[in-house]
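Below is one structure, written out as structure tokens; comments come after it.
All heavy atoms count here, side chains included; hydrogens, waters and symmetry mates do not. This structure is a prediction, so every number in the text was calculated from the model and none was measured.
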Amino acid sequence: MKEGFRQSMAWLHTWSGLLVGWVLFMVFAAGTASYFKDEITFWMKPELHAIAQTSAPQAKTAEAAVDFLQQRGADAPRWFITLPTEREPSTSVLWLKPPPPPGSAPVERRRRFDRAMLDPATGQAMTAARETRGGEFFYRLHFDLHYMPALWARWIVGFCAMFMLVAIFSGIVTHKRIFKDFFTFRPKKGQRSWLDAHNVTAVLALPYHLMITYTGLVTLMFMYMPWGPQVAYKDRGGEQAFFSEAFPGGGRDQFKASGNKAPLAPIAPMVAQASAHWNGAAVGRITVHLPNDANSVVSIARAEGPQLSYDQPSMQFNGATGELIGAFGDVPRPAAETRGVLYGLHIGRFADPLLRALFFLSGIAGCLMVATGLLLWAVKERQKFAKTLKQGGRIGLGLRLVDGLNLGAVAGLPVAMASFFWANRLLPLDVADRGEAEIRWFFIVWGATAVLGLLRPTLRMWQAQLVLGALLFSLLPVLNAFTGPAPLTVSLRSGPSAVAGFDLVVMALGFGLAGAAWLVERKRRKTAAAQAARKQPPSGLATSGQGS
């Protein structure tokens with residue numbers, strides 16, 4: 001019975017990982033990049049690299065942002081102001097457009113927001129900075145999948161995350177020597193080597209894998225499991241009443257326009273009062289509901305700090321008079337704080353640079369874990385075709401499909417990610433909707449690598465895509481030197497440190513892909529020699545016994 005249970009867990013581990021492995025690889029890769037999304041965005045705006053950022057008091061910065069929004073979005077129903085931080089030196093403003101007129105084109109309904117980056121000292125828009133989604137693209141991609149309705153995407157990602165959780169627990173049960181095998185790696189042993197690599201990358205960051213998968217589900221818990229609030233608050237106003245009680249001050253449906261115009265009260269005293277209330281802590285985000293209306297409300301949230309919880313205390317002021325309405329979250333409720341801590345653990349905004357780097361390395365280990373698991377399945381499955389291949393036959397369609405999907409996901413995605421950065425620097429600055437154009441190049445390149453992988457899932461194709469990814473990543477610092485004011489030789493000495501860090505990391509990723517391409521070439525030559533000795537034509541990775 002014991003062996004039967006372990007064998008059933010092995011079956012569950014195999015299929016729960018394989019069926020969603022390609023999506024999980026993308027989610028891990030994009031999510032890992034998101035730990036440094038602010039630094040990625042800064043690198044992708046080289047016009048800002050040489051601009052000396054002049055610090056200014058937060059109250060003055062907030063006033064300048066409000067003045068800008070009064071000029072650009074006075075009729076907007078909502079303003080969002082994110083004040084500068086060490087990682088993002090500019091002020092970010094976002095304003096919600098008024099509802100489009102009936103019969104407008106669908107594309108106009110999708111583009112609901114306008115945004116701008118402001119110099120914190122002057123409040124002037126940084127028009128020199130190129131339009132780009134930057135690191136925010138990877139952050140949204142890892143749970144919104146970009147080209148599909150967000151609701152569908154989040155259900156798909158949640159489904160895959162649940163399978164991932166099942167795969168982790170079933171893998172722990174299956175590998176009874178999992179920790180002993182962590183200290184064992186046997187190269188050049190075919191399937192055994194792939195299993196060792198899979199065990200090492202899985203156990204190395206096992207607490208991280210469990211945490212990031214479970215907390216990922218928690219971030220969207222109210223979408224996946226809405227029935228508790230629906231039942232408990234059925235006669236008390238429904239889910240909106242639940243959210244108002246669980247997260248006081250965070251709702252937005254409670255704000256109703258009066259229709260009477262009233263000027264917005266000065267924002268500086270509100271910022272000063274909020275900071276003083278939090279013992280001098282900085283203000284992070286300001287939301288103005290119904291600006292220039294008699295019922296306007298200003299919500300001010302504390303800046304993120306070393307606290308684990310994602311939810312920050314906030315204060316609300318009457319926008320017309322400047323009077324304090326209330327303070328929220330100073331003493332968080334246990335259930336809400338638990339959810340906030342789990343959410344905060346997932347996104348890692350609390351982490352200092354060293355801890356964030358450890359999260360990043362753990363994310364890379366997660367990518368390798370998923371990749372080696374996919375390749376291990378193909379290696380084991382291919383053994384069933386060993387006799388057929390020796391007789392000059394071909395592998396089955398299903399295995400060939402998995403080989404192609406593995407190639408497109410594992411080798412093709414890095415090529416697409418690097419191409420996204422190249423598009424950022426090479427596309428003309430005046431291209432219409434430039435940020436979306438960069439994203440289109442990401443998907444065009446990824447689609448091309450996936451199609452090529454499906455058409456020809458061979459060692460040669462693996463090698464070609466790995467080499468291409470290595471070149472694109474390792475040459476990004478050279479591209480930066482020719483298209484930006486802060487080449488690596490300058491940024492290492494005098495900054496910006498974010499630019500130097502980006503260049504060093506992409507070089508390391510390029511060298512890693514180059515090392516993988518070298519291993520593939522060595523295996524290809526060995527396989528070709530063995531097949532020539534048997535008078536068999538080379539058949540590439542599909543018959544190598546080393547993955548696909």
Side-chain angles (χ1 to χ4, degrees), residues 29-30 32-56 82-92 117-122 125-139 348-349 351-361 363-364 414-415 417-429 434-435 438 441-442 469-514:
T32 299
S34 299
Y35 286 127
F36 292 96
K37 68 185 183 75
D38 291 340
E39 290 78 5
I40 290 173
T41 302
F42 185 70
W43 186 92
M44 296 179 73
K45 295 184 176 182
E47 296 82 6
L48 304 182
H49 296 177
I51 297 177
Q53 300 294 337
T54 304
S55 61
T82 304
L83 298 179
T85 65
E86 290 184 2
R87 298 178 62 194
E88 176 51 72
S90 61
T91 304
S92 174
M117 295 178 61
L118 310 181
D119 186 311
T122 66
M126 294 180 173
T127 55
R130 65 190 62 194
E131 180 189 354
T132 180
R133 291 286 299 279
E136 186 70 17
F137 164 65
F138 292 121
Y139 173 69
R349 300 289 292 183
D352 59 23
L354 178 59
L355 182 56
R356 193 176 298 112
L358 291 175
F359 272 37
F360 181 83
L361 292 175
I364 294 293
V415 176
M417 294 178 75
S419 300
F420 177 66
F421 300 125
W422 281 80
N424 168 258
R425 293 301 182 91
L426 297 181
L427 284 174
L429 296 181
R434 194 177 187 281
E438 294 175 359
W441 273 108
F442 170 88
L471 289 173
L472 290 174
F473 268 116
S474 58
L475 291 178
L476 277 172
V478 179
L479 177 67
N480 178 48
F482 281 98
T483 58
L488 189 57
T489 54
V490 173
S491 59
L492 280 174
R493 294 197 309 268
S494 56
S497 59
V499 177
F502 181 95
D503 283 348
L504 291 174
V505 169
V506 295
M507 285 177 62
L509 292 174
F511 293 156
L513 292 172

Donor-acceptor contact below 3.5 Å, side chain [X] vs main chain [Y]:
X	Y	value
N480	A486	yes
S34	Y139	yes
R130	L429	no

inquiry  = Checking W43 against D503 for the side-chain contact (heavy atoms from CB on, under 4.5 Å) test, could you report, in this order, the C-alpha distance in whole Å, the side-chain angles of both residues, the deciding distance, and whether it holds?
reply    = CA-CA 9 Å; W43 186 92; D503 283 348; 3.1 Å; yes
query = So, do F42 and F502 have ring centers that fall under 6.0 Å from each other?
reply =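 Not close enough - the centres of the two rings lie 6.0 Å or further apart.
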query = Do Y35 and F359 make the cut of ring centroids closer than 6.0 angstrom?
reply =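 Ring centroids of Y35 and F359 are less than 6.0 Å from each other.
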message = side-chain contact (heavy atoms from CB on, under 4.5 Å) for R133 and T41? Distances and angles first, verdict last.
response = CA-CA 7 Å; R133 291 286 299 279; T41 302; over 6 Å; no
ask   = Does D38 pair with R349 as a salt bridge, N-O distance under 4.0 Å?
value =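 Yes, charged N to carboxylate O under 4.0 Å.
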ask   = Between T132 and E438, does a side-chain hydrogen bond (donor to acceptor under 3.5 Å, both in side chains) hold up when you go through it step by step?
value = CA-CA 7 Å; T132 180; E438 294 175 359; 2.7 Å; yes
Atom pair CG/CD of L83 and E88 - distance to nearest 0.5 Å =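 Nearest 0.5 Å value for the CG-CD distance: 11.5 Å.
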ask   = Out of curiosity, F360 CZ to L358 CG, how far, rounded to the nearest 0.5 Å?
value =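 Output value for this atom pair is 12.0 Å.
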inquiry  = Could you report the tightest heavy-atom contact between A351 and R356, atom names first, then the distance?
reply    =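 For A351 and R356, the tightest heavy-atom pair comes out as O-NH2, 2.6 Å.
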inquiry  = So which atom in M417 and which in F473 form the shortest heavy-atom distance, rounded to 0.1 Å?
reply    =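 Closest approach of M417 to F473, heavy atoms only: CB-CZ, 4.3 Å.
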message = If you apply the rule side-chain contact (heavy atoms from CB on, under 4.5 Å), what do you find for K37 with F137, and how did you get there?
response = CA-CA 9 Å; K37 68 185 183 75; F137 164 65; over 6 Å; no
request  = Just jot down the side-chain hydrogen bond (donor to acceptor under 3.5 Å, both in side chains) partners of T483, sequence neighbours excluded, or say none.
outcome  =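 T483: side-chain hydrogen bond (donor to acceptor under 3.5 Å, both in side chains) contacts with R425.
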message = More than 12 heavy atoms of other residues, nucleotides or ligands under 6.0 Å from CH2 of W422: yes or no?
response =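 It does: W422 CH2 has more than 12 such atoms within range.
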